Participant: 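What follows is a single structure, and I will ask about it in a moment.
By convention in this document, chain letters (A, B, ...) are assigned in the order of the sequence lines, proteins followed by strands, and residues within each chain are numbered from 1. Only a predicted model underlies this, so the values are computations on that prediction, with no experimental measurement involved.
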4 protein chains.
Amino acid sequence: MYQDDNIYIPHMNVENLQVTTGVSAGSDDRRQDIVLAAFQLIASKGVEGLRTRDVAARAGMNIGTLYYYFSTKERLIQGVVDYIVQHIVVVQEPVSTVSVNTSVDVLHQHLANLTHKLIMTPEIFRVMGELLLRCERDQAIYPILKKTDDDWKQYLIDLLVEGIRQGYFRADLNPALTAHTIMSFFKGATLQLGMPHEELEQTVAQFERLLLA
Amino acid sequence: MYQDDNIYIPHMNVENLQVTTGVSAGSDDRRQDIVLAAFQLIASKGVEGLRTRDVAARAGMNIGTLYYYFSTKERLIQGVVDYIVQHIVVVQEPVSTVSVNTSVDVLHQHLANLTHKLIMTPEIFRVMGELLLRCERDQAIYPILKKTDDDWKQYLIDLLVEGIRQGYFRADLNPALTAHTIMSFFKGATLQLGMPHEELEQTVAQFERLLLA
Amino acid sequence: MYQDDNIYIPHMNVENLQVTTGVSAGSDDRRQDIVLAAFQLIASKGVEGLRTRDVAARAGMNIGTLYYYFSTKERLIQGVVDYIVQHIVVVQEPVSTVSVNTSVDVLHQHLANLTHKLIMTPEIFRVMGELLLRCERDQAIYPILKKTDDDWKQYLIDLLVEGIRQGYFRADLNPALTAHTIMSFFKGATLQLGMPHEELEQTVAQFERLLLA
Amino acid sequence: MYQDDNIYIPHMNVENLQVTTGVSAGSDDRRQDIVLAAFQLIASKGVEGLRTRDVAARAGMNIGTLYYYFSTKERLIQGVVDYIVQHIVVVQEPVSTVSVNTSVDVLHQHLANLTHKLIMTPEIFRVMGELLLRCERDQAIYPILKKTDDDWKQYLIDLLVEGIRQGYFRADLNPALTAHTIMSFFKGATLQLGMPHEELEQTVAQFERLLLA
DNA sequence: CATGAATGAGTTTTCATTCAT
DNA sequence: GATGAATGAAAACTCATTCAT
């Protein structure tokens with residue numbers, strides 16, 4: 001009856017938001033329109049200020065149509081979580097020793113990407129912050145964000161372990177704790193008030209230096 | 001007419017929440033009851049879930065009475081901001097070279113205090129997170145939180161400058177960037193999902209080590 | 001355009017629900033599926049809780065298809081009325097003196113049938129109750145139910161007149177009033193709360209005895 | 001918070017609808033206004049057609065005020081049930097042998113009262129019918145109506161037992177079954193279509209005669 | 001100062017119905 | 001005939017705020 005019962009939004013990457021494959025593209029497009037509108041509204045007004053009516057209007061459709069795709073506001077927010085998760089998690093290649101790049105380079109690139117996103121599309125991080133706060137009270141989105149967090153953490157740990165093994169990073173680094181430091185830093189960076197872009201970049205750069213052997 | 005028009009809540013410290021000075025102590029107590037109730041409700045339900053009616057109920061008073069003390073919900077939230085600001089910012093002594101403690105010790109104590117608070121009273125940080133997200137859209141609370149942030153930053157910078165001068169911290173540390181790192185880290189630590197207490201403490205400890213010369 | 005505009009559902013009897021005559025039998029089957037689904041839903045949720053969407057789902061078809069067969073919800077309800085009327089009114093043979101059974105036997109059989117139905121398929125009576133209440137406000141179904149009622153009444157009166165004439169029933173019985181008593185009793189029996197089956201049967205039996213000369 | 005949590009409507013009798021005692025009369029009046037409006041709307045449009053907005057309008061108040069007194073539509077309907085129960089159940093004196101009236105007279109008076117009500121205020125019975133049908137699906141109102149039914153049944157049984165003992169009623173009458181007959185009859189009488197007043201009275205009169213020894 | 005009834009605009013959600021494919 | 005996405009009016013309910021007592 002409702003479109004949101006067993007259907008997931010197909011893969012969305014930052015690079016190709018418009019690309020959809022398969023037959024039911026129209027239906028998925030509609031869902032995406034809604035999610036994107038909701039995302040933007042959360043970005044500008046917070047979850048607190050999210051109104052289904054506004055979402056429908058911004059998505060250019062009737063409020064009834066929105067509810068045809070998402071049976072409740074809760075579900076819609078979950079849709080936004082799915083969307084965010086796809087956008088914020090850069091698809092990482094598994095770290096391999098035969099990689100052309102050293103793990104230091106890979107980590108650097110990862111942090112640079114995050115920094116760049118934080119500067120260019122702070123909305124994503126703002127919305128992520130909203131959702132992370134919300135997630136303690138929302139049973140539905142907690143596991144999704146937890147999973148994302150865990151994946152991110154593991155990715156960082158793998159990079160750090162490899163970098164330490166290779167002698168690039170300080171030998172006394174605990175990979176898990178360092179991963180935590182990085183993750184907390186980026187989550188909190190969104191909450192820094194009036195921080196200029198360059199300062200953010202420099203801060204990340206300095207932090208990277210602290211990790212080196 | 002309303003109690004919140006030109007009057008500031010007197011200083012509240014964690015240690016002496018009941019102490020009020022000056023006249024109309026009862027009135028201030030009432031205000032404080034309300035603010036505390038609002039704080040707790042934000043902690044558990046977010047600003048999104050804050051209802052003036054619930055606040056009044058939790059504060060053990062009539063909704064009408066609440067509106068006698070706070071003319072609008074907005075004002076009430078500002079009251080919570082004031083409350084938070086008092087609680088999160090430990091009143092720091094200016095760092096002096098003749099201090100008994102070295103600045104390394106003072107910074108350590110500062111970070112240990114924050115870590116302890118984060119573990120014992122995570123609500124404060126959660127509410128702070130809510131308010132920091134909100135403050136970009138709320139002209140009234142932005143300056144307050146900005147001021148607090150700036151004070152905190154300056155405090156950290158002073159400590160770091162002194163520590164570097166004394167040769168305890170790495171000479172290549174940029175105090176401002178390091179302050180940013182610390183601040184972002186603590187703001188983001190609230191948003192870490194399922195992080196055990198010891199891991200948080202160890203993470204802070206490792207970070208401190210990275211700063212040492 | 002719509003199937004319900006000028007076409008009546010062909011006679012449906014309890015015994016041969018699937019039998020349809022004439023052309024477009026498949027079409028009638030579809031209509032019947034819908035009516036049956038609607039009937040069942042009214043039985044369990046009342047007219048108040050009847051949703052066209054649920055009817056379509058239960059009938060195993062698309063909501064659009066339902067509206068192909070019944071242009072409005074009103075028409076659908078009328079379809080249910082027709083269905084009920086067929087089911088509740090057992091087609092009675094005209095009472096004749098040359099009948100093998102005495103009219104006392106026929107009345108007894110009639111009451112026994114009703115009692116049996118009331119016990120085995122109370123839904124029919126519940127739905128009938130719903131519709132009887134509704135029909136005062138619904139111009140479309142009133143005449144149908146009134147006609148059914150009038151037929152039933154006349155059937156009872158004929159039986160009673162004959163039974164009195166034959167000396168089986170009390171001579172002071174007014175047939176019309178007695179018919180009313182019987183009809184009211186059965187309509188109200190549905191509204192009795194927590195009445196055991198045997199008690200219902202005994203009640204009817206006692207009532208029959210009261211009628212005897 | 002809501003007025004409907006633990007408060008019952010004070011005694012209402014058909015005779016003195018305006019009489020209220022005690023201090024919070026205004027509040028109770030308001031509740032009564034609402035319940036009465038709801039009752040009237042159910043009488044004319046059925047539970048199916050009941051709209052909280054219409055109730056508020058008819059009660060001459062804001063929709064918000066209605067919800068101040070009744071937290072949900074369900075609760076409001078329960079309020080109507082309470083109201084109905086008070087109105088339909090004539091406060092019966094316990095049947096005593098030393099009573100001036102014989103039990104035959106008392107039963108006669110009871111049936112006459114019911115008949116009179118059915119003629120003068122059929123709405124009450126119509127609404128009662130609505131609620132009795134609803135009550136199978138509504139856990140909240142079932143016990144209330146069941147209790148009322150049980151009380152009514154017991155009252156009838158007591159009268160019948162006494163009447164039989166005194167030799168007024170047929171000795172072969174089973175009091176419980178006879179009570180059932182009476183109750184079903186009156187419940188069903190509401191569902192009789194186009195029955196003239198006199199015919200109803202005569203029907204009841206004839207039924208009474210059937211009971212006599 | 002305190003109470004709590006009252007307000008009304010706003011919010012989420014529902015549902016009969018339509019229509020292009 | 002069948003589908004299901006789309007519509008929009010209307011429904012139940014919420015909640016910050018006011019005000020007479």
Participant: Across all strands, who's sitting opposite F:dA20 as a Watson-Crick or G-U wobble pair, both distances under 3.5 Å?
Facilitator: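 F:dA20 is paired, partner E:dT3.
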Participant: Using atom CD1 of B:Ile34 as one end and atom C1' of E:dT3 as the other, report the distance to the nearest whole Å.
Facilitator: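 Whole-Å distance recorded here is 14 Å.
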Participant: E:dA16, OP1 or OP2 - any side-chain N/O from C:Thr52 closer than 4.0 Å?
Facilitator: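 C:Thr52 to E:dA16 OP1/OP2: side-chain N or O found under 4.0 Å.
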Participant: Quick one: pull up OH in C:Tyr67 and CG in C:Leu76 and give me the separation to the nearest 0.5 Å.
Facilitator: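 Going from the OH atom of C:Tyr67 to the CG atom of C:Leu76 covers 8.0 Å.
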Participant: Could you tell me how far E:dC1 sits from F:dT21 if I compare only their C1' atoms? Round to whole Å.
Facilitator: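 Nearest-Å result for F:dT21 against E:dC1 at atom C1': 13 Å.
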Participant: Check whether any side-chain nitrogen or oxygen of C:Thr65 sits under 4.0 Å from OP1 or OP2 of F:dG1, and answer yes or no.
Facilitator: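 No, outside the criterion.
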Participant: Between A:Leu66 and D:Lys73, just flag the one whose closest nucleotide in DNA chain F comes earlier from the 5' side.
Facilitator: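 Nearest nucleotide further toward 5': that of A:Leu66.
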Participant: If you measure from the Lys or Arg side-chain nitrogens to the Asp or Glu carboxylate oxygens, is any gap between D:Arg137 and C:Glu130 under 4.0 Å?
Facilitator: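 Looking at C:Glu130 together with D:Arg137, the answer is yes, because their closest N to O distance falls below 4.0 Å.
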Participant: Keeping the roles fixed (side chain from A:Arg58, backbone from A:Ala38), state whether a donor-acceptor pair exists under 3.5 Å.
Facilitator: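 Side chain of A:Arg58 to backbone of A:Ala38, a donor-acceptor pair under 3.5 Å: no, none is there.
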Participant: Check the distance between F:dA2's C1' and C:Asp33's CG and give it to me in whole angstrom.
Facilitator: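 Atom-to-atom, C:Asp33 to F:dA2, this comes out as 14 Å.
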Participant: Using atom types as modelled and distance alone, determine if a side-chain donor or acceptor of C:Arg134 lies under 3.5 Å from a backbone N or O of C:Val47.
Facilitator: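 Looks like no, no N/O pair under 3.5 Å.
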Participant: Roughly how many Å is it from CD in C:Glu48 to P in E:dA16, rounded to a whole number?
Facilitator: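 So the CD-P distance, C:Glu48 to E:dA16, works out to 13 Å.
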Participant: Determine, step by step, whether B:Lys73 and B:Leu50 satisfy the side-chain contact (heavy atoms from CB on, under 4.5 Å) criterion, reporting the C-alpha distance in whole Å, the side-chain angles of both residues, the deciding distance to 0.1 Å, and the verdict.
Facilitator: CA-CA 9 Å; B:Lys73 192 183 178 183; B:Leu50 186 69; 4.2 Å; yes
Participant: Could you tell me how far apart C:Tyr68 (OH) and E:dT21 (C1') are, to the nearest whole angstrom?
Facilitator: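 C:Tyr68 atom OH is separated from E:dT21 atom C1' by 16 Å.
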Participant: Determine the contact category for C:Leu50: base if any of its heavy atoms lies under 4.0 Å from a base atom, sugar-phosphate if only primed atoms, P, OP1 or OP2 are that close, otherwise nothing.
Facilitator: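 Touches sugar-phosphate only.
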Participant: Just compare E:dC1, E:dG4, F:dC13 and give me whichever is closest to any side-chain atom of D:Thr72.
Facilitator: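 That would be F:dC13.
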Participant: With nearest nucleotides of DNA chain E determined for A:Asn62 and B:Met61 from heavy-atom distances, which residue corresponds to the more 5′ nucleotide?
Facilitator: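 This one resolves to B:Met61.
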Participant: Could you say whether A:Gly64 or B:Glu74 is positioned toward the 5' end of DNA chain F, judged by the nucleotide with the nearest heavy atom to each?
Facilitator: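 First, find each residue's nearest nucleotide; the 5'-ward one identifies A:Gly64.
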Participant: B:Leu41 CG to F:dA16 C1': how many Å, rounded?
Facilitator: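 So the two atoms are 15 Å apart, to the nearest Å.
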Participant: Using heavy-atom distances to pick each residue's nearest nucleotide on DNA chain E, tell me which of D:Gly60 and A:Ile63 is more 5'.
Facilitator: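 Nearest nucleotide further toward 5': that of D:Gly60.
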Participant: Can you tell me the distance, in whole Å, between the CZ atom of D:Phe70 and the P atom of E:dA6?
Facilitator: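 About 12 Å, once rounded to whole Å.
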Participant: Rounded to whole Å, how long is the line connecting atom CG of C:Leu76 with atom P of E:dC15?
Facilitator: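 To the nearest whole Å, that distance equals 15 Å.
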Participant: Which nucleotide, F:dT3, E:dG4, E:dT13, lies nearest any side-chain atom of C:Arg30?
Facilitator: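 Nearest to the side-chain atoms of C:Arg30, counting from C-beta on, is F:dT3.
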Participant: May I ask which nucleotide in the shown strands pairs with F:dA10, Watson-Crick or G-U wobble, both distances under 3.5 Å?
Facilitator: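 Checking every strand shown, F:dA10 finds its partner in E:dT13, with both distances under 3.5 Å.
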Participant: Pick base, sugar-phosphate or nothing for D:Arg51, based on heavy-atom distances below 4.0 Å to the nucleic acid.
Facilitator: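 The residue D:Arg51 makes sugar-phosphate contact but no base contact.
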Participant: Can you measure C:Asp28 atom CG to F:dG1 atom P for me and round it to whole angstrom units?
Facilitator: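 About 10 Å, once rounded to whole Å.
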Participant: Just to confirm, is there a sub-4.0 Å distance from OP1 or OP2 of E:dT13 to any side-chain nitrogen or oxygen of A:Tyr67?
Facilitator: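 Affirmative; the distance criterion is met.
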Participant: For the side chain of C:Tyr69, starting at C-beta, report the closest nucleotide among E:dT13, F:dT18, F:dA2.
Facilitator: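 The nucleotide sitting nearest to the side chain is F:dA2.
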Participant: With C:Val127, which of C:Ile84, C:Val81, C:Leu132, C:Leu41 fulfils side chain to side chain contact (heavy atoms under 4.5 Å, CB included)?
Facilitator: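 Considering C:Ile84, C:Val81, C:Leu132, C:Leu41, a side chain to side chain contact (heavy atoms under 4.5 Å, CB included) with C:Val127 is found only for C:Ile84.
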Participant: When you check the phosphate oxygens OP1 and OP2 of F:dT17, does a side-chain N or O of B:Arg53 lie under 4.0 Å from one of them?
Facilitator: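 Answer is no, no contact under 4.0 Å.
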